[in-house]
Amino acid sequence: MIELAPSILSADFARLAEDANAAIRGGGTVLHVDVMDGHFVPNITIGPPVVKSLRKAVDVPLDCHLMIENPDEYIPAFANAGADWISVHQEATRHLNRSLELIRHHGAKVGVVINPATPVQTLGEVLDIVDYVLVMSVNPGFGGQTFIRGALEKVRKLATMRAARGLDFRIEIDGGIDLQTVGPAVRAGAEILVAGSHIFGRGNPAENAAGLLHAAQDAMLLQA
Ligand code: DX5
Ligand code: ZN
């Protein structure tokens with residue numbers, strides 16, 4: 001099943017609940033929340049208080065993408081604030097298995113993320129303990145960047161590894177998803193589509209989300 005995960009990074013933070021709910025009306029079924037610390041990535045965004053407020057303002061799962069160093073220190077706070085899904089970068093933690101188990105322990109869905117330059121093979125030993133793998137199709141830190149096509153091959157490889165091992169994690173893709181790139185991403189095997197600037201950058205978030213979701217579903221039908 002294809003799901004659209006609007007990324008609030010490109011929303012108007014002064015009207016966060018309105019923007020988020022517009023994207024949800026347009027078909028978003030997961031809200032993607034980008035957490036940046038100014039160290040792991042060269043940008044700073046939001047922390048647990050905003051997650052706590054959002055949790056009360058929307059009815060879909062909150063997918064917290066932690067682009068931070070020392071994620072273990074903050075996983076409990078995000079989980080307690082109401083993060084339903086939490087993902088950590090393979091590159092940001094020395095003990096990846098421990099970080100992932102910590103997320104599980106706090107009751108959130110467990111995600112692992114890889115940057116464009118990180119091979120999928122680095123995840124071989126954790127694929128059986130995650131609920132989803134997030135493949136970055138831009139270098140993390142900013143919205144509105146150009147899709148890196150090498151991500152498609154990584155999505156295909158992950159789908160192959162999953163089938164070969166009989167696993168059931170889901171595959172999410174993040175960065176540069178728009179009407180041109182969503183089709184190739186879905187055909188490669190991406191199931192959860194993060195989109196920020198396409199949805200919130202200009203115009204009406206509900207219409208933008210609906211258009212993108214329809215393009216994704218069309219690509220899925222063509223594949224079948
Ligand atoms: C980038 C973030 C993304 C970002 C995507 O570091 O992880 O979630 O919001 O934005 P677009 O869709 O504009 O590439
Ligand atoms: Zn993200």
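Position 1 is the first residue of the sequence; numbering continues from there. Both counts, for ligands and for their atoms, begin at 1 and track the order of listing. What you see below is based on every heavy atom in this structure, not just the backbone, and it leaves out hydrogens, waters and symmetry mates.
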Arg98 (side chain) donor-acceptor with Asp72 (main chain) under 3.5 angstrom = no
Table of N or O contacts for ligand 1, cutoff 3.5 Å:
unit_1: ligand 1; atom_1: 6 (O); unit_2: Gly141; atom_2: N; d: 2.8
unit_1: ligand 1; atom_1: 7 (O); unit_2: Asp34; atom_2: OD1; d: 3.0
unit_1: ligand 1; atom_1: 7 (O); unit_2: His65; atom_2: ND1; d: 3.3
unit_1: ligand 1; atom_1: 7 (O); unit_2: Asp174; atom_2: OD2; d: 2.8
unit_1: ligand 1; atom_1: 8 (O); unit_2: His32; atom_2: NE2; d: 3.4
unit_1: ligand 1; atom_1: 8 (O); unit_2: Asp34; atom_2: OD1; d: 3.1
unit_1: ligand 1; atom_1: 8 (O); unit_2: Asp34; atom_2: OD2; d: 2.7
unit_1: ligand 1; atom_1: 8 (O); unit_2: Asp174; atom_2: OD1; d: 2.7
unit_1: ligand 1; atom_1: 8 (O); unit_2: Asp174; atom_2: OD2; d: 3.0
unit_1: ligand 1; atom_1: 9 (O); unit_2: Ser7; atom_2: OG; d: 2.7
unit_1: ligand 1; atom_1: 9 (O); unit_2: Asp34; atom_2: OD2; d: 3.1
unit_1: ligand 1; atom_1: 12 (O); unit_2: Gly196; atom_2: N; d: 2.8
unit_1: ligand 1; atom_1: 13 (O); unit_2: Gly144; atom_2: N; d: 2.7
unit_1: ligand 1; atom_1: 13 (O); unit_2: Ser197; atom_2: N; d: 3.0
unit_1: ligand 1; atom_1: 13 (O); unit_2: Ser197; atom_2: OG; d: 2.6
unit_1: ligand 1; atom_1: 14 (O); unit_2: Gly176; atom_2: N; d: 2.8

Discussion item. For the backbone of Val58 and the side chain of Arg55, can you confirm whether one donor and one acceptor N or O come within less than 3.5 Å of each other?
Written reply: yes
query = Do side-chain atoms of Thr181 reach the backbone of Phe147 as a donor and acceptor pair under 3.5 angstrom?
reply = no
Side chain to side chain contact (heavy atoms under 4.5 Å, CB included) filter on Ala23, not counting sequence neighbours, yields Pro6, Ile199, Phe200
Indicate yes or no for a side-chain donor-acceptor contact from Asp37 to the backbone of Glu69 under 3.5 Å, with no hydrogens or angles considered.
yes
So the protein N/O/S atoms within less than 2.8 Å of the Zn ion (ligand 2) come down to His32 NE2, Asp34 OD1, His65 ND1, Asp174 OD2
So do the side chains of His198 and Leu179 get within less than 4.5 Å of each other, counting heavy atoms only? yes
By ring-ring contact (aromatic ring centres under 6.0 Å, His included), Phe142 pairs with (sequence neighbours left out) none
- When you measure from the side chain of Glu191 to the backbone N and O of Met1, does any donor-acceptor pair fall under 3.5 Å? no
task = Look at the side chain of Lys154 and the backbone N and O of Thr118, then say whether any donor-acceptor pair between them is shorter than 3.5 Å.
result = yes
